[in-house]
Amino acid sequence: MQYWLVKSEPDAFGIDDLANMPDQTEHWDGVRNYQARNFMRDEMKCGDQVFFYHSNCKEPGIVGIVEVVREGYPDHTAFDPEGKYYDPKSDPDRPRWYMVDVKLVQRFRQTISLSSMKTRPELEGMRLLQKGNRLSVMPIAPEHWQVILDLYRENIG
DNA sequence: GCCAACGTTGGC
DNA sequence: GCCAACGTTGGC
């Protein structure tokens, strides 16, 4: 079992949007970065636990936990010429982009803010905290996962 | 809205 | 294969 983090802009698709989906499940489409693609196509497995991160918003941070419920398969939004994720270089015979399905596990009552994570020496070295980091799907070390959960429990008292 | 950091593209 | 130009990400 592995741990991950995925980013999304709440204006585009936030954790509340996931909560409102049928079965609280949705495919994680639109990722157009090879490293992130490889994680989804090759490494994310059913049952893996994933932090849901809100980026590009008032209070960036982790807002909940989701779980992988379907492993990597072609991202069909790349095939739709009308869609904003269209990529003419990807077609059903030779798909370039992949996605997984995720299901909501828990919505945090309080955001674990990026700034609060930055104050934690135990989280030093986390990819998320590195300057200029733009990867939208990334692995999380088990010890970091635990530290972050502890942070959450402290916060909600 | 600004801007630094990054990934991709394309000319050479 | 190099690298400048460009578009995008994302914190602030």
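None of these values were measured; they are calculated from a predicted model. Throughout, protein chains are lettered first and strands after them, A, B, ... in sequence-line order, and every chain is numbered starting at 1.
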Decide yes or no for A:K7 and A:L5: does some side-chain heavy atom of the first lie under 4.5 Å from some side-chain heavy atom of the second?
-> yes
Quickly work out the [X] [atom1] to [N] [atom2] distance and round it to whole Å.
| X | N | atom1 | atom2 | answer |
| --- | --- | --- | --- | --- |
| A:L135 | B:dT8 | CG | C1' | 15 Å |
| A:N33 | C:dG7 | CG | P | 19 Å |
| A:L128 | C:dT9 | CG | C1' | 13 Å |
| A:D11 | C:dT9 | CG | P | 14 Å |
| A:N133 | C:dC12 | CG | P | 12 Å |
| A:R32 | B:dT9 | CZ | C1' | 17 Å |
| A:K84 | C:dG7 | NZ | C1' | 15 Å |
| A:E9 | C:dG11 | CD | C1' | 12 Å |

Report yes if at least one side-chain N or O of [X] is closer than 4.0 Å to OP1 or OP2 of [N]; otherwise report no.
| X | N | value |
| --- | --- | --- |
| A:K58 | C:dG10 | no |
| A:K7 | C:dG10 | yes |
| A:Y53 | C:dG11 | yes |

Of A:K89 and A:N56, whose closest DNA chain B nucleotide lies nearer the 5' terminus?
->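 Per heavy-atom nearest nucleotide, the more 5' residue is A:N56.
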Earlier contact from the 5' end, DNA chain B, for A:R96 and A:G132 |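 It is A:G132, whose closest nucleotide lies nearer the 5' terminus.
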Check: A:W4 ring centroid to A:F52 ring centroid under 6.0 Å |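 Ring centroids of A:W4 and A:F52 are no less than 6.0 Å from each other.
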Side-chain donor-acceptor pair under 3.5 Å between A:D101 and A:Y73, yes or no?
-> yes
Can we say A:D75 and A:R32 salt-bridge, meaning some charged N sits less than 4.0 Å from an Asp/Glu carboxylate O?
-> yes
Using ring pair (Phe, Tyr, Trp, His ring centres under 6.0 Å) as the criterion, point out the one residue from A:Y85, A:F79, A:Y34, A:Y86 that pairs with A:W97.
->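 The option that passes is A:Y34.
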Which nucleotide, B:dT8, C:dG11, B:dA5, lies nearest any side-chain atom of A:L114?
->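 Nearest to the side-chain atoms of A:L114, counting from C-beta on, is C:dG11.
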